[in-house]
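Computed over heavy atoms, backbone and side chain alike; hydrogens, waters and symmetry mates excluded.
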Amino acid sequence: MRALYTLTLFLSSGLLFLVQPMVAKMILPRFGGSPAVWTTSMLFFQVLLLAGYAYAHAGVQWLGPKKQAVLHILVLIAAAILCRLSLPAESGLENSPWQVLLVLLGMVGAPFFALSAGAPIIQGWFATTRDPHAKDPYFLYSASNLGSMIALLAYPFLLEPALPLTDQAHIWQFGLFGLIALMAGCAVWVGKQNPQVEERPEKETLTWPRRLTWVALAAVPSSLLLGVTNYMTTNVAPMPLLWIVPLAIYLATFIVAFAKRKMPSSKLWARILPLVVTPLALVMILEATEPMFLLLAIHLLAFTMAALMCHSRLAETRPPAGNLTEFYLWLSVGGAVGGLFNALLAPYLFSTLAEYPIALVAACLLRPPKPDSKAKRSLDFGAAVTMLLLVIGLALLAQQLGMAPSQARTGLVIGLPAILCFLMVDHPIRYGLMLGSLFLGSQLMHTNSAGLVAFSGRSFFGVHRVVFLQNERFHELVHGTTTHGIQDTLHPSEPLTYYTRSGPIGQVFASFPELKRIALVGLGVGSCAAYGKPGQTMTYFEIDPVVEQVAKDPKYFTYLKDTKADLNVVLGDARLTLGQQSGPYDLIELDAFSSDSIPLHLLTLEAVTMYRSKLAEHGILAFHISNRYLNLEPILGKIAQKLGMAIYSQEDSPTDEEILTGKRPSRWVVMANLDSDLTNLVKGSTWFPPMIPENTPLWADGYSNILSAFARRND
């Protein structure tokens with residue numbers, strides 16, 4: 001019986017984790033990747049998750065286990081019947097949040113709601129059995145999170161590379177029917193209980209401070225999960241699939257904390273946490289990026305210790321089995337609070353990734369105090385204010401002494417405060433508040449900048465900074481560790497970085513001087529506007545409004561202001577906005593792939609077919625695919641083969657002298673309907689047809705596999 005309940009819970013959680021990335025891939029080409037779409041999707045799944053936990057709690061309270069078992073089986077059957085894992089017909093769909101909500105509700109609303117209730121319901125049923133472990137069924141939560149972890153790893157590494165979306169959907173629906181059968185078996189065990197045996201397990205009266213403590217202990221790791229993932233993938237290593245590692249750790253800490261075998265207490269993790277968080281704070285303030293793997297390790301270790309501490313405290317303070325469903329309801333509330341804070345509020349409240357250090361500070365504040373600790377709260381707050389004033393004072397002193405912005409200056413400014421902060425580790429409140437002051441003071445004084453930070457802006461897509469370097473000669477737009485454009489104020493008409501006149505895209509503009517209508521996907525600082533001529537029309541398609549704000553402000557960059565072409569900017573997801581244009585274009589430049597996180601829906605057979613439909617008869621597609629981890633040439637080559645298009649690529653490696661003047665390495669691919677359309681460009685040059693291995697997959701809206709591009713990076 002115990003094996004049946006464990007397997008059922010394992011499958012339920014696995015199905016819940018598998019369906020979310022599957023549905024996201026289904027709706028992305030239709031609705032795009034705008035903030036409204038992702039916000040709506042996250043709210044949809046979060047609200048349904050809370051609704052599922054509330055339904056589980058209400059059902060066991062009002063109906064009792066036996067009647068609830070019958071009801072839930074009927075709910076699962078209805079969910080399976082209503083499930084439609086495919087998009088509705090194109091006609092009548094509008095790109096609005098309400099339409100996204102309705103589509104998600106029709107596709108997966110019913111089964112997601114039913115699956116969300118699985119973990120508390122199954123554990124609640126098990127608590128009514130005569131199993132020796134029924135009085136403490138929380139160990140089953142480990143099986144739930146193990147199922148989630150296996151699904152997390154299986155989707156990108158097994159399911160996605162092997163099967164198109166339609167086959168994935170069929171397998172998932174088959175799993176749902178299997179879950180119904182297992183659930184029915186569990187329900188039978190509930191129904192067979194001896195009527196003389198009390199069905200409802202032991203309960204206790206819960207206080208509101210205890211409930212709010214559960215919410216906090218669940219919210220902080222949830223916020224930290226998103227915070228560390230966002231920080232690592234933008235500021236340390238924008239590596240494909242890196243987001244899987246923190247999520248796997250998050251699930252693993254639940255498995256450890258709720259395991260049947262006794263694990264180390266939360267006090268041990270609480271003692272270790274400051275030993276990791278203090279050096280991590282220094283690393284973050286210094287904005288160190290090397291050595292990459294050591295930095296990744298310290299971020300992940302701090303996250304692991306914080307999550308283990310919080311989740312272990314949750315396990316240690318869990319109520320009797322009679323309060324099980326309410327316990328999980330408050331855990332889900334905490335998870336929602338942490339997730340929604342990062343995803344919805346933080347982009348509007350902060351101009352930096354401040355939610356990450358805030359969550360680290362919150363984790364430190366949740367450390368249990370020593371039994372003999374009698375510190376006064378006034379001393380805690382006084383120490384925090386003193387720390388803030390000390391950091392600001394040291395930063396001002398460094399400026400007065402004429403110390404140039406550098407990591408060395410930052411180390412001198414924050415070194416002493418960090419030591420003082422660490423000396424307070426035995427006082428959790430004081431240590432946490434002083435750590436927060438250290439972060440706040442460093443941010444206020446920009447102690448971590450290698451140059452003058454002229455602008456820092458935050459949007460749904462991350463933090464963008466404009467930094468003035470070399471006595472303000474060079475203006476640079478930076479997103480995380482990726483440069484999105486540089487302008488030399490001494491030579492403002494010269495496009496730099498990946499767009500120089502000697503580089504691949506410069507050769508395209510030089511080889512085809514008769515270009516009239518040009519579409520450019522991805523604005524950056526507007527470098528290619530420098531190629532604009534009288535009589536030309538240039539239309540940029542940009543998804544991030546902060547990027548548009550920066551590129552149009554002449555205090556930072558003047559490419560758009562100075563261009564000789566007629567220029568306009570269209571905001572929105574390029575797959576949708578470009579598709580709505582009438583065309584034809586002589587050149588479509590696609591520059592959405594120059595970072596190390598590529599929007600897959602812009603690089604599929606259907607997407608390239610749409611671009612081609614907007615081209616003039618002899619028009620050209622130019623793809624900027626510079627990337628540290630992925631080789632996209634074979635992917636584009638396979639699509640060109642399928643469409644019968646000519647394709648060439650070039651990798652441009654600048655000299656050391658060129659790098660000093662603003663040029664950066666770049667890789668470009670050009671495509672056209674006929675090989676003769678590219679003769680002027682490729683004849684006698686360094687443009688070559690890309691190598692396309694026979695096993696290169698054809699990326700389409702129904703199938704794309706990022707691992708295939710990752711594996712070919714060094715081909």
Engineer: What's the shortest heavy-atom distance between Cys528 and Ile505, and which atoms?
Structural biologist: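 Minimum heavy-atom separation between Cys528 and Ile505: SG-CG1, 4.3 Å.
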
Engineer: Tyr648 and Leu681: side chain to side chain contact (heavy atoms under 4.5 Å, CB included), yes or no, with the steps?
Structural biologist: CA-CA 10 Å; Tyr648 291 86; Leu681 175 65; over 6 Å; no

Engineer: Taking the side chain as C-beta and beyond, is there a heavy-atom pair between Phe623 and Tyr611 under 4.5 Å?
Structural biologist: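 SC-SC contact between Phe623 and Tyr611 confirmed.
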
Engineer: In terms of side-chain heavy atoms, does His624 have a donor or acceptor partner in Ser626 at a distance below 3.5 Å?
Structural biologist: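 Yes, Ser626 and His624 have a side-chain donor paired with an acceptor closer than 3.5 Å.
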
Engineer: Once rounded to the nearest 0.5 Å, what's the spacing between atom CG of Asn705 and atom CG of Leu698?
Structural biologist: 12.5 Å

Engineer: Might you point out which heavy atoms bring Lys533 and Pro513 nearest each other, and give the distance in Å?
Structural biologist: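 The pair with the smallest heavy-atom distance is NZ-CB, 3.6 Å.
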
Engineer: For the CG atom of Asn673 and the CD atom of Glu617, what is their distance to the nearest 0.5 Å?
Structural biologist: 8.0 Å

Engineer: Taking atom types as modelled and ignoring hydrogens, do the side chains of Glu355 and Ser223 form a donor-acceptor contact shorter than 3.5 angstrom?
Structural biologist: no

Engineer: For Asn230 and Thr233, which heavy atoms make the closest approach, and how far apart are they?
Structural biologist: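 Minimum heavy-atom contact is O-OG1, 3.4 Å.
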
Engineer: Any donor-acceptor pair under 3.5 Å linking the side chain of Glu633 with the backbone of Pro690?
Structural biologist: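 Not confirmed, Glu633 side chain does not pair with Pro690 backbone.
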
Engineer: Taking atom types as modelled, find out whether Asn627 and Arg667 have a side-chain donor-acceptor pair closer than 3.5 angstrom.
Structural biologist: no

Engineer: Judged by atom type as modelled, is there a donor-acceptor pair below 3.5 Å linking the side chain of Arg612 to the main-chain atoms of Leu643?
Structural biologist: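 Checked: pair present.
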
Engineer: What I want to check is whether the side chains of Trp687 and Gln507 have a donor and an acceptor closer together than 3.5 Å.
Structural biologist: yes

Engineer: Look only at the side chain of Ser511 and the backbone of Val508, and say whether a donor-acceptor pair between them is shorter than 3.5 Å.
Structural biologist: no

Engineer: Less than 4.5 Å apart, side chain to side chain, heavy atoms only: is that true for Phe350 and Val463?
Structural biologist: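 When only atoms from C-beta onward are counted, Val463 and Phe350 do not touch, as no gap falls below 4.5 Å.
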
Engineer: Between Asp573 and Arg575 (salt bridge meaning N to carboxylate O under 4.0 Å), is one present in this structure?
Structural biologist: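 Looking at Arg575 together with Asp573, the answer is no, because their closest N to O distance does not fall below 4.0 Å.
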
Engineer: Residues two or more places apart in sequence or in another chain: which of them pass ring-ring contact (aromatic ring centres under 6.0 Å, His included) with Tyr585?
Structural biologist: none

Engineer: Rounded to the nearest 0.5 Å, what separation is found between the CG atom of Leu490 and the CD atom of Gln470?
Structural biologist: 10.0 Å

Engineer: Could you name each residue pair satisfying salt bridge (Lys or Arg N to Asp or Glu O under 4.0 Å) that touches residues 500-519, not counting sequence neighbours?
Structural biologist: Glu494-Arg501

Engineer: Within the side chain of Thr558, is there an N or O that forms a donor-acceptor pair under 3.5 Å with the backbone of Lys561?
Structural biologist: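 No, because the side chain of Thr558 does not come within donor-acceptor range (under 3.5 Å) of the backbone of Lys561.
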
Engineer: Would you say Tyr231's side chain and Pro357's backbone share a donor-acceptor pair under 3.5 angstrom?
Structural biologist: no

Engineer: Report, as yes or no, whether the 6.0 Å neighbourhood of atom CG on Asn568 holds more than 12 heavy atoms from other residues, nucleotides or ligands.
Structural biologist: yes

Engineer: Please examine the side chains of Leu590 and Phe541, heavy atoms only from C-beta on, and report whether any two atoms are closer than 4.5 Å.
Structural biologist: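 A side-chain contact is absent here, since even the closest heavy-atom pair is not under 4.5 Å.
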
Engineer: Decide yes or no for Leu578 and Ile588: does some side-chain heavy atom of the first lie under 4.5 Å from some side-chain heavy atom of the second?
Structural biologist: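 They are in side-chain contact.
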
Engineer: Show the numbers, then the answer: is there a side chain to side chain contact (heavy atoms under 4.5 Å, CB included) between Leu224 and Tyr356?
Structural biologist: CA-CA 6 Å; Leu224 266 178; Tyr356 181 31; 3.8 Å; yes

Engineer: Please name all residues satisfying side chain to side chain contact (heavy atoms under 4.5 Å, CB included) with Leu28, sequence neighbours left out, ordered by chain then number.
Structural biologist: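 Leu28: side chain to side chain contact (heavy atoms under 4.5 Å, CB included) contacts with Trp38, His601.
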
Engineer: I need the Thr577 OG1 to Gln580 CD distance, nearest 0.5 Å.
Structural biologist: 6.5 Å

Engineer: Run the salt bridge (Lys or Arg N to Asp or Glu O under 4.0 Å) test against Lys552 and tell me which residues pass, sequence neighbours left out.
Structural biologist: Glu548

Engineer: Could you tell me if the side chain of Val525 sits less than 4.5 Å from the side chain of Tyr499, heavy atoms only?
Structural biologist: no

Engineer: Taking the side chain as every heavy atom from C-beta outward, state whether His475 and Thr489 have any atom pair closer than 4.5 Å.
Structural biologist: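 When only atoms from C-beta onward are counted, Thr489 and His475 do touch, with a gap below 4.5 Å.
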
Engineer: For Lys614, does the NZ atom sit with more than 12 other heavy atoms under 6.0 Å from it, leaving out its own atoms?
Structural biologist: yes

Engineer: Applying salt bridge (Lys or Arg N to Asp or Glu O under 4.0 Å), name anything that partners Asp488, two or more places apart in sequence or on another chain.
Structural biologist: Arg473

Engineer: I'd like to know whether Val466 forms a side chain to side chain contact (heavy atoms under 4.5 Å, CB included) with Phe557, so could you lay out the CA-CA distance, the side-chain angles of the two residues, the decisive distance to 0.1 Å, and finally the verdict.
Structural biologist: CA-CA 9 Å; Val466 178; Phe557 303 98; 4.0 Å; yes

Engineer: Can the ring centroids of His464 and Tyr556 be said to lie less than 6.0 angstrom from one another?
Structural biologist: no

Engineer: Inspect the surroundings of CE in Met691 and state if more than 12 heavy atoms from other residues, nucleotides or ligands are less than 6.0 Å away.
Structural biologist: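 No, because the 6.0 Å sphere around CE of Met691 holds 12 heavy atoms or fewer from other groups.
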
Engineer: Taking all non-hydrogen atoms of both residues, which atom of Pro495 and which atom of Ala530 are closest, and how far apart?
Structural biologist: CD-CB, 3.8 Å

Engineer: So which heavy atom on Ala529 is nearest to which on Leu567, and how close?
Structural biologist: CB-CD1, 3.8 Å

Engineer: So, using ring-ring contact (aromatic ring centres under 6.0 Å, His included) as the criterion, who are the partners of Phe341 when residues are at least two apart?
Structural biologist: none

Engineer: With rounding to the nearest 0.5 Å, note down the distance linking CG in Asp701 to CG in Leu605.
Structural biologist: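 That separation rounds to 8.0 Å.
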
Engineer: Going by heavy atoms in the side chains, are Asp586 and Ile518 under 4.5 Å from each other?
Structural biologist: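 With C-beta onward as the side chain, the pair stays apart.
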
Engineer: CG of Leu523 to CG of Leu560: how many Å apart, nearest 0.5 Å?
Structural biologist: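 With rounding to 0.5 Å, CG (Leu523) is 5.5 Å from CG (Leu560).
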
Engineer: Decide whether Tyr498 and Asp591 meet the rule of one side-chain donor and one side-chain acceptor closer than 3.5 Å.
Structural biologist: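 Tyr498 vs Asp591: no donor-acceptor pair found between side chains.
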
Engineer: Got Thr229 and Leu247 here, is their nearest side-chain heavy-atom distance under 4.5 Å?
Structural biologist: no

Engineer: Any chance you could lay out the side chain to side chain contact (heavy atoms under 4.5 Å, CB included) test for Tyr559 and Thr563, step after step, and finish with the verdict?
Structural biologist: CA-CA 6 Å; Tyr559 287 123; Thr563 184; over 6 Å; no

Engineer: Of all the heavy-atom pairs spanning Phe468 and Ala454, show the shortest one and how long it is.
Structural biologist: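 Minimum heavy-atom contact is CZ-CB, 3.5 Å.
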
